[in-house]
Number of protein chains: 2
Amino acid sequence: MPRDPGSRRPTLKDLAREAGVSLASASYAVNGNGSVGEQTRAHILSAAERIGYRGNVAARVTRTGRSGTLALVVPDMTNPFFPSLAQMVFRAGRDAGFGMFLVDTEGSEPLEQKALAMVTGLGVDGVVWFPIRDKDTSAGCLDRIPTVVLDRTLPGYDHVGVDYLAAGRIAARHLIDRGHRRIGMISGPCDVASMRDRCAGAQALIEEEAELAFRVENAFSLDLEPQVAAALDGGGATAVFAAADVIALGAIRHLTRAGKRVPEDVSVLGFDDIPGADQSTPPLSTLEIPVAEIGQHAIDILVRNVAGGAGGATSLVQLDAQLVVRESVAAPPL
Amino acid sequence: MPRDPGSRRPTLKDLAREAGVSLASASYAVNGNGSVGEQTRAHILSAAERIGYRGNVAARVTRTGRSGTLALVVPDMTNPFFPSLAQMVFRAGRDAGFGMFLVDTEGSEPLEQKALAMVTGLGVDGVVWFPIRDKDTSAGCLDRIPTVVLDRTLPGYDHVGVDYLAAGRIAARHLIDRGHRRIGMISGPCDVASMRDRCAGAQALIEEEAELAFRVENAFSLDLEPQVAAALDGGGATAVFAAADVIALGAIRHLTRAGKRVPEDVSVLGFDDIPGADQSTPPLSTLEIPVAEIGQHAIDILVRNVAGGAGGATSLVQLDAQLVVRESVAAPPL
DNA sequence: GTGAAAGCGCTAACAG
DNA sequence: CTGTTAGCGCTTTCAC
């Protein structure tokens, strides 16, 4: 019978009494540091087992300022990109010995600010933060706690991100190399630098070596807005670069329904490599964001800072997106 | 400049000194209860603002045993069903005034047990738990903390779930009503009761009123295993019930590639109504799990228990899945 | 209305 | 190796 709300949860003191030792010995035995005789330790541990002693992280935090946990704060778990990222960050964090948890800010700045306050108040040892926009809503509550910002860039914070300018050029390069000369572009919402950069990078190269058939913007959605559909239908592009996979998938769907074949009639290149990008028809060629490395770097920076205290300069890591060629881009029709 | 790791984070004591009042008054002013003069309160609050006082949840927890937070523990954020559920639980929880956070157990029982220990140790006021399987891995660490188990059923815990037996019958009924007499079934992994029940419910009705063309099992994946593909190709079913949307989507893809039209040649009915089910071609008919209500009920139970202490009997809530008719099922070909 | 003081459960000197 | 003890930051009687 699991539920037993009546009795109090056993404390270290209970343990000490049960085992007939002092508080200190109990503490030492339980968390393996300090010095206790092998005998006593075993005895204490078995007593702990017997009474179901659990340990109280919160109390430890007040005393030591360390909880052994890291928080990941993200804008929207409902966007398929974030669960993958979260998984990688979690793994890296756990491998480094931390308990990991996540909080979703649902794209709301007040909520983001509250979330940050909550986790810092709870006593996490560090936070991995993927801000909603390139804006610091922390109101100072991160001032004294190791933090690394993902993807966005906020002055004063450690940062690990992607070189989107370069990634945009890689995207354009791929299309151009396949022989395309009239290339259309569908960007996502441009209120964040990461989106603006990937588009800017692509556009620059396209205008240098080919021709920009159109450039339109669409929400993060499979559903295309009217002007986007129109551009696709009448823009005369032989290839289109969609700066987010969801949009790319939407474009493929639209094109297919309009009777055009992808990639025979028009090529589509995405960005992000979200789960499912490899499962579409045709499988989507796209630029992969190195989530695993991002997670690893973020945790590396954090452990360094958690351990070393307020170490020197802020770290700025830029990783490269990588082209993954599948079947949604081909040479233009003759 | 946000980073300022040098100075110590201001405490209540700092606040009290800065405002020239006692610890108690500072505490009262900050959390709005107790009795403080309107003047003093304002004065203290402005002082708090000035020195950037934040409050330390961990410390409050040791003293009061209340953190104002709830944890949601789920098996796999990477499964598109969970982010939707999480969102609903989070909203309900926040509406009830709690800070919400999530931990992912990645389908690993040892991890699940650690996760549970971590959140209870951190001092959450309650936990919403979607266990990996119908198995209690908590090792007693939830004994004294309000917990509600989602979807699985674990003896002794409050529970909110879905009547999957009934839901399975609804699925079969729909297919039969559309005129199908040879119905195939693809179940997901049957190691959980929720899956077994939805299949059992459907199968019972099918065998009563029609004929079960085949019953095979597939992993939670768009990719179909060989024997599943074979059943689909040669089973002679005019309709198939896939007990999970991912599998249903995989079935549609397989059928389409094999040159069969859905739903003209064969109908496909899914289960879950994951995000994207409405975006497939054709849009998937499926059974919708009432995530919003699940979340709301879970939170309701929790707030009741957090407030009322160890109230009476355990609550058992069963909700109904609802058929959502889209375009993937039609009458069988003549 | 305000302050002094006693802890919450735990850790970490320090003494023995 | 083990025990005593002084807090960590905060809340909450209980006097004043």
Closest contact, heavy atoms only, B:S25 versus B:I44: O-CD1, 3.8 Å
Closest non-hydrogen atom pair, B:E112 against B:T137: OE1-OG1, 2.8 Å
Pair B:S315, B:Y157: side-chain N/O donor-acceptor within cut-off below 3.5 Å: no
Verdict with reasoning, A:M88 to A:E293, per side-chain contact (heavy atoms from CB on, under 4.5 Å): CA-CA 8 Å; A:M88 293 303 137; A:E293 288 100 286; over 6 Å; no
5'-most by nearest nucleotide on DNA chain C - B:T64 or B:V21: B:V21
Sugar-phosphate, base or nothing in reach of B:G65, heavy atoms under 4.0 Å: nothing
Touch class at under 4.0 angstrom, heavy-atom based, for A:V61 against every strand present: nothing
Hey, is the side chain of [X] poking within less than 4.0 Å of OP1 or OP2 on [N], counting only N and O atoms?
{"X": "B:S27", "N": "D:dT12", "value": "no"}
{"X": "A:S22", "N": "D:dG3", "value": "yes"}
{"X": "A:R60", "N": "C:dT11", "value": "yes"}
{"X": "B:Y28", "N": "D:dC10", "value": "no"}
{"X": "A:N31", "N": "C:dT11", "value": "yes"}

How many Å lie between [atom1] on [X] and [atom2] on [N], as a whole number?
{"X": "B:I44", "N": "D:dT11", "atom1": "CD1", "atom2": "C1'", "answer": "15 Å"}
{"X": "B:L12", "N": "D:dT11", "atom1": "CG", "atom2": "C1'", "answer": "9 Å"}
{"X": "A:R9", "N": "C:dC8", "atom1": "CZ", "atom2": "C1'", "answer": "13 Å"}
{"X": "A:L23", "N": "D:dT5", "atom1": "CG", "atom2": "P", "answer": "12 Å"}
{"X": "A:R54", "N": "C:dC10", "atom1": "CZ", "atom2": "P", "answer": "13 Å"}
{"X": "B:L15", "N": "D:dT11", "atom1": "CG", "atom2": "C1'", "answer": "15 Å"}
{"X": "A:K13", "N": "D:dT5", "atom1": "NZ", "atom2": "P", "answer": "14 Å"}
{"X": "A:R144", "N": "D:dG9", "atom1": "CZ", "atom2": "P", "answer": "13 Å"}

Can a donor-acceptor pair under 3.5 Å be found between the side-chain atoms of [X] and the base atoms of [N]?
{"X": "A:R63", "N": "D:dG7", "result": "yes"}
{"X": "B:T62", "N": "D:dG9", "result": "yes"}
{"X": "B:S25", "N": "C:dG1", "result": "no"}

Test side-chain hydrogen bond (donor to acceptor under 3.5 Å, both in side chains) applied to B:T62 - qualifying residues, sequence neighbours left out: none
Degree of bending in the helix from C:dG1-D:dC16 to C:dG16-D:dC1 once both end axes are built from five pairs, to 10°: 40°
B:F82 ring center near B:F130 ring center (under 6.0 Å): yes
Minimum-distance nucleotide (side-chain atoms of B:T11 versus D:dT2, C:dA12, D:dC10): D:dC10
Pair A:R8 + A:D14, salt bridge at N-O below 4.0 Å: yes
B:R152 and B:S194: CA distance, side-chain angles, deciding distance, side-chain hydrogen bond (donor to acceptor under 3.5 Å, both in side chains) verdict: CA-CA 7 Å; B:R152 318 287 187 226; B:S194 61; 3.2 Å; yes
